[in-house]
Enquirer: 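Dumping the structure here so I can ask a few things about it.
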Amino acid sequence: MCSLRVALVLFALFVLAPCISLGCRSETPHTNSCPAPFRADAARAEAILAKLGEAPAGARARDHALAKGGVSFCFGRIGVSSVTTSGAVLIDEALGTEEAAARVGHLLTHVAEGLRVEPSSDEDDCEVITARALAKEASALSLELGLRRAFGVGASARIRYEFEENFWAAPEEAREGLVLDYLRAHPDGAPGIDALASGYARRCREARDAASTR
């Protein structure tokens with residue numbers, strides 16, 4: 001009985017205590033789920049995750065996404081870093097750690113919160129679904145811009161958003177709306193921005209049409 005008490009005390013001291021004080025999160029993410037031609041790079045992934053931990057908003061995005069499990073970090077050449085529906089975060093290998101971390105923070109919010117654009121029933125309206133998806137993108141981009149500033153991403157950034165200067169010039173409460181207006185005005189993409197509005201609308205229509213033929 002005495003030895004059992006000792007074991008429990010040691011467990012509390014050396015296992016539970018670090019979780020309480022530091023916040024337990026997933027260990028090194030999966031490194032074997034990268035689509036070709038992307039590749040895993042554990043050292044770079046850990047550096048990006050560590051950088052995210054330097055900003056409270058980045059740490060929250062990181063920890064919420066990794067808690068879901070199944071996230072992999074993949075490096076290669078890509079115009080706009082993105083995340084797949086299977087949880088593979090595709091990162092442009094040309095980005096520096098700070099800029100990559102800001103972008104990954106954005107992408108991990110989609111992993112944590114989900115970004116559904118496929119209708120779940122015949123009653124789902126693709127315009128409504130696309131509008132919701134764009135609102136989530138505006139929120140994630142606002143987070144990314146905040147992380148870029150927190151991490152000191154400046155004039156040497158590989159990606160420069162056309163709305164970035166106006167974003168910081170606007171009152172804080174108007175910033176996310178400014179990004180959303182920009183996304184609506186550029187449905188087929190812009191510098192650093194994929195064709196989000198048109199792409200989400202197309203995916204929704206295709207999924208709805210496919211479901212109607214079953």
Enquirer: Looking at every non-hydrogen atom in both residues, tell me the closest pair between A150 and A55 and how far apart they are.
Expert: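 Heavy atoms only, the tightest pair is CB-CB, 4.5 Å.
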Enquirer: Can you list everything that forms a ring pair (Phe, Tyr, Trp, His ring centres under 6.0 Å) with Y161? Sequence neighbours excluded, please.
Expert: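 With sequence neighbours excluded, Y161 shows a ring pair (Phe, Tyr, Trp, His ring centres under 6.0 Å) to F163, given in chain and number order.
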Enquirer: Can you find a heavy atom in the side chain of C74 that is under 4.5 Å from one in the side chain of P35?
Expert: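 Side chain of C74 against side chain of P35, heavy atoms only: contact under 4.5 Å found.
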Enquirer: So, taking the atom named OG1 in T130 and the one named CZ in R202, what distance separates them when rounded to the nearest 0.5 Å?
Expert: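 If we round to the nearest 0.5 Å, T130:OG1 and R202:CZ are 10.5 Å apart.
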Enquirer: What distance do H110 atom NE2 and S139 atom OG have between them, rounded to the nearest 0.5 Å?
Expert: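 Result: 8.5 Å between the selected atoms.
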Enquirer: Does E144 come within less than 4.0 Å of R103, counting only side-chain N to carboxylate O?
Expert: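 Salt bridge flag = yes for R103 with E144.
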Enquirer: Would you sort out whether E164 and R148 count as a salt bridge (Lys or Arg N to Asp or Glu O under 4.0 Å), showing the intermediate values?
Expert: CA-CA 10 Å; E164 192 161 1; R148 283 164 70 92; 3.1 Å; yes
Enquirer: Given the rule in the salt bridge (Lys or Arg N to Asp or Glu O under 4.0 Å) test, do E118 and R203 qualify, once you have shown the distances and angles that lead to the verdict?
Expert: CA-CA 7 Å; E118 292 77 18; R203 281 172 55 190; 3.2 Å; yes
Enquirer: Within a strict 4.5 Å, meaning less than it, do heavy atoms of the T109 and L115 side chains meet?
Expert: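 Not touching, per the 4.5 Å side-chain cut-off.
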Enquirer: Is any NZ, NE, NH1 or NH2 atom of the basic residue among E54 and K51 found under 4.0 Å from an Asp or Glu carboxylate oxygen of the other?
Expert: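 Answer for the salt bridge query: yes.
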Enquirer: Could you grab the distance from atom CG of D181 to atom CG of L134, nearest 0.5 Å is fine?
Expert: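 Answer rounded to 0.5 Å: 11.0 Å.
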Enquirer: Keeping the roles fixed (side chain from K136, backbone from R116), state whether a donor-acceptor pair exists under 3.5 Å.
Expert: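 No; judged by distance alone, with no hydrogens or angles, the pair does not exist.
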Enquirer: Is it true that F73 and L147 fall in one hydrophobic cluster, defined by side-chain heavy atoms closer than 4.5 Å?
Expert: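 Hydrophobic grouping puts F73 with L147.
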Enquirer: Given the rule that I, L, V, M, F, W and Y join up when any side-chain heavy atoms are under 4.5 Å apart, are W168 and I193 in one cluster?
Expert: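 Linked, W168 and I193 end up in one cluster.
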Enquirer: Return the minimal non-hydrogen interatomic distance between F75 and A45, and the atom names on each side.
Expert: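 Looks like CZ-N, 3.9 Å.
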Enquirer: Could you list the cluster mates of L90? Members are the ILVMFWY residues connected by side-chain heavy atoms closer than 4.5 Å, either directly or through other members.
Expert: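 Traced through the cluster, L90 reaches F38, I78.
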Enquirer: Are Y200 and L180 in one and the same hydrophobic cluster, where Ile, Leu, Val, Met, Phe, Trp and Tyr link if side-chain heavy atoms are under 4.5 Å apart?
Expert: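 Yes, Y200 connects to L180 through the hydrophobic network.
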Enquirer: Are R39 and C34 side-chain neighbours, meaning at least one heavy-atom pair lies under 4.5 Å?
Expert: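 They are not in contact (no side-chain heavy atoms under 4.5 Å apart), so the answer is no.
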Enquirer: Which atom pair, heavy atoms only, marks the closest approach of V179 to A138?
Expert: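 V179 and A138 have their closest heavy atoms at CG1-CA, 3.8 Å.
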Enquirer: Do you know the tightest heavy-atom contact between P119 and I129?
Expert: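 Looking at all heavy atoms of both residues, the closest pair is CA-CD1, 3.7 Å.
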Enquirer: Checking the side chain of E176 only, and the main-chain atoms of S142 only, is there a donor and an acceptor separated by less than 3.5 Å?
Expert: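 No.
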Enquirer: Please find the pair of heavy atoms, one from A100 and one from I48, that lie closest to each other, and give the distance.
Expert: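 Shortest heavy-atom contact: CB-CD1, 3.8 Å.
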Enquirer: Once rounded to the nearest 0.5 Å, what's the spacing between atom CG of L108 and atom NZ of K68?
Expert: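 The CG atom of L108 sits 11.0 Å away from the NZ atom of K68.
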Enquirer: Nearest 0.5 Å please: distance from the CD atom of E99 over to the OG atom of S156.
Expert: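 Those atoms lie 7.5 Å apart.
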Enquirer: If two hydrophobic side chains count as joined below 4.5 Å and joins carry through other members, does L95 share a cluster with V104?
Expert: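 They do not share one cluster, since no chain of ILVMFWY contacts under 4.5 Å joins L95 to V104.
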Enquirer: Can you see whether E137 engages H106 through a side-chain donor-acceptor pair at a distance of less than 3.5 angstrom?
Expert: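 Yes - a donor-acceptor pair under 3.5 Å links their side chains.
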Enquirer: Checking the side chain of R62 only, and the main-chain atoms of L52 only, is there a donor and an acceptor separated by less than 3.5 Å?
Expert: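 It does not hold such a pair.
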Enquirer: Examine distances only and state if a side-chain atom of D194 and a backbone atom of L196 form a donor-acceptor pair shorter than 3.5 Å.
Expert: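 Answer holds: no.
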Enquirer: Could you tell me whether the side chains of S81 and D92 share a donor-acceptor contact shorter than 3.5 Å?
Expert: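 D92 and S81 do not have a side-chain donor-acceptor pair below 3.5 Å.
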Enquirer: Taking all atoms of both residues into account, what is the closest heavy-atom pair of R208 and C126, and its distance?
Expert: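 Heavy atoms of R208 and C126 come nearest at NH1-SG, 3.7 Å.
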Enquirer: Linking I/L/V/M/F/W/Y whenever their side-chain heavy atoms sit closer than 4.5 Å, directly or via other members, would L183 and V83 fall into one cluster?
Expert: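 No, it is not one cluster - the side chains of L183 and V83 are not joined through contacts under 4.5 Å.
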Enquirer: Would you say the side-chain atoms of R184 pair up with the backbone N or O of A197, donor to acceptor, closer than 3.5 Å?
Expert: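 Judged by distance alone, no pair lies under 3.5 Å.
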Enquirer: Do R44 side-chain atoms and E93 backbone N/O form a donor-acceptor pair below 3.5 Å?
Expert: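 Flag set: sc R44 to bb E93 pair under 3.5 Å.
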